[in-house]
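Sequential numbering from 1 along the given sequence is applied to the chain's residues. Each ligand, and each atom within it, is numbered from 1 in the order the structure gives.
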Amino acid sequence: MTSRISIIIPSYNEGQNVDLLHRRLSAVALLLPEYEFEYIFIDDGSRDDTWGRIKTLGVRGIRFARNFGHQAAIEAGLRAATGEAVIMLDGDLQHPPELIPTLIERWREGYEVVNTKRADAAHAGYIKRLSSHLFYRALNTISEITIEPGSADFRLIDRRVVDELNKLTEKNKFYRGLVNWLGFRSAVVSYEPSERVHGNSSYSFRKMISLARVGLTSFSMTPIRFIAFMGACIFVFGGLLTAFMFLHRLITATDYFGGAAILAGFIIMNNGFLIFIFGLMSTYQVTMYKELQNRPAYIVREEL
Ligand code: UDP
Ligand code: MG
């Protein structure tokens, strides 16, 4: 009895890497004869010959009409996969296929999610490592999920997790967060990332910012709470200031605090009030946004 494992590979302008990656995957597959591997390459609207290379492999392939982004490619792969487990890895050989036996081993031990964590070698530039580190720190501090710094979209997930992910209807998916949000039993395996063999990182600064924005806004209400909180603080401060100046004027019967000063205090109070109202209204918008995301209220692991 062999079980099938799907390997999904988002590829954007990876023409030079496709063959090499497929060869390395096949070499790993030879070591695991008890499994049948299903390869699904997703060509995310590449402008090089990525699709041409995929076609020569005799594997499954999905070609997007244009560049829709890494997370969309993962989504397409997850929906197409038929295996009992799905492994997602980048098409640029930065995620070593040689780690696959270890991922499968942990899965066999009962882990439904096997994440990977790169042992932070000097592979990526200093700026990328620093920004990634800061991003995860911020995300973990203010959101409902925790993601290990050094995580990438290189992991194995059990069929049950794939099915749950495929049920999610939100359009802007941040898989790193969603897999975590679902729950399930997870393990982490660390690896030494390799240098990109060919081509350049296609995660432009803009794409990275956009991913970070989706990650933050879809898992955290903290920025808006912070705005409402700041508004309330300014309101209270302005109010106290105005009251103090007003009373001082009344009690001492001097005009040490003139009308302009009192008016300034009043304006601070009023601005605080407006900011608070903004924050409050946004809280309702977030509530609506959450309804739109339409995430299930809970995910069941077992039933008797
Ligand atoms: N990728 C994609 N669509 C994009 C950008 C990237 O499918 O619009 C793929 C890319 O081919 C690679 C993976 O996503 O397999 C990660 O991209 P990249 O290597 O550029 O990011 P980095 O490793 O620098 O974070
Ligand atoms: Mg890469």
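For R108 and Y35, the positive end is not near the middle of the six-membered ring at less than 6.0 Å and at most 45° from its axis. Annotation: cation-pi pair R249/F257 absent, no NZ/CZ under 6.0 Å from the ring centroid and within 45° of its normal.
In terms of protein heavy-atom proximity, atom 5 (C) of ligand 1 is nearest to S202 OG, 3.5 Å. The nearest protein atom to atom 14 (O) of ligand 1, hydrogens excluded, is given as H70 CD2, 3.2 Å; this is a heavy-atom distance. With hydrogens left out, the protein atom closest to atom 24 (O) of ligand 1 is S201 OG, 2.7 Å, a heavy atom. At the top of the distance list for atom 21 (O) of ligand 1, counting protein heavy atoms only, stands Y203 CD1, 3.2 Å. The protein heavy atom nearest to atom 1 (N) of ligand 1 is Y12 CB, 3.7 Å. Atom 22 (P) of ligand 1 has K128 NZ, 3.5 Å as its closest protein atom, hydrogens excluded (heavy atom only). Taking atom 9 (C) of ligand 1 as the reference point, the nearest protein heavy-atom neighbour is P10 O, 3.8 Å. At the shortest separation from atom 19 (O) of ligand 1 among protein heavy atoms lies D92 OD2, 2.6 Å.
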Worksheet item: When you look at F154 and Y191, which way does the ring pair (Phe, Tyr, Trp, His ring centres under 6.0 Å) test go after all the steps?
Response: CA-CA 11 Å; F154 176 26; Y191 68 100; 5.3 Å; yes
Practice prompt. Determine, step by step, whether D163 and K167 satisfy the salt bridge (charged side-chain N to carboxylate O under 4.0 Å, His left out) criterion, reporting the C-alpha distance in whole Å, the side-chain angles of both residues, the deciding distance to 0.1 Å, and the verdict.
Written response: CA-CA 6 Å; D163 288 342; K167 278 189 226 160; over 6 Å; no
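The shortest N or O to N or O distance between A73 and ligand 1 is not below 3.5 Å.
Residue-level proximity to ligand 1 for D90 is carried by backbone and side chain together, each with a heavy atom below 4.0 angstrom. Contacts between N67 and ligand 1, counted as non-hydrogen atom pairs separated by less than 4.0 Å, involve the side chain only. With a 4.0 Å cut-off on non-hydrogen atoms, S11 touches ligand 1 through its backbone and not its side chain. Contacts of E14 with ligand 1, taken as heavy-atom pairs under 4.0 Å, involve the side chain alone.
Enclosure of atom CZ in F266 is not indicated, since only 12 or fewer non-hydrogen atoms of other residues, nucleotides or ligands lie within 6.0 angstrom. Heavy atoms from other residues, nucleotides or ligands lying under 6.0 Å from OH of Y289 number more than 12. Surrounding CZ of F273 are at most 12 heavy atoms belonging to other residues, nucleotides or ligands under 6.0 Å away.
Between H248 and Y256, the ring planes lie tilted relative to each other; the angle falls in the 30° to 60° range.
Comment: R295 engages E170 in a salt bridge, judged by a side-chain N to carboxylate O separation of less than 4.0 angstrom. A salt bridge between E148 and K117 is present, with a side-chain N of the basic residue lying under 4.0 Å from a carboxylate O of the acidic one.
Here CZ of R213 is found 11.0 Å from CZ of R206. Values are rounded to the nearest 0.5 Å.
Taking only non-hydrogen atoms, the option from M88, Q94, Q71 nearest to atom 23 (O) of ligand 1 is Q94. When the heavy atoms of D44, I74, T50, L89 are ranked by distance to atom 7 (O) of ligand 1, first place goes to D44.
Set against the non-hydrogen atoms of K207, the atoms of ligand 1 under 4.0 Å away are 4 (C), 5 (C), 8 (O).
Among heteroatoms of the N, O or S kind in D92, OD2 lies nearest the Mg ion (ligand 2).
Within the structure, ligand 1 lacks M208 among the residues with a heavy atom less than 4.0 angstrom away.
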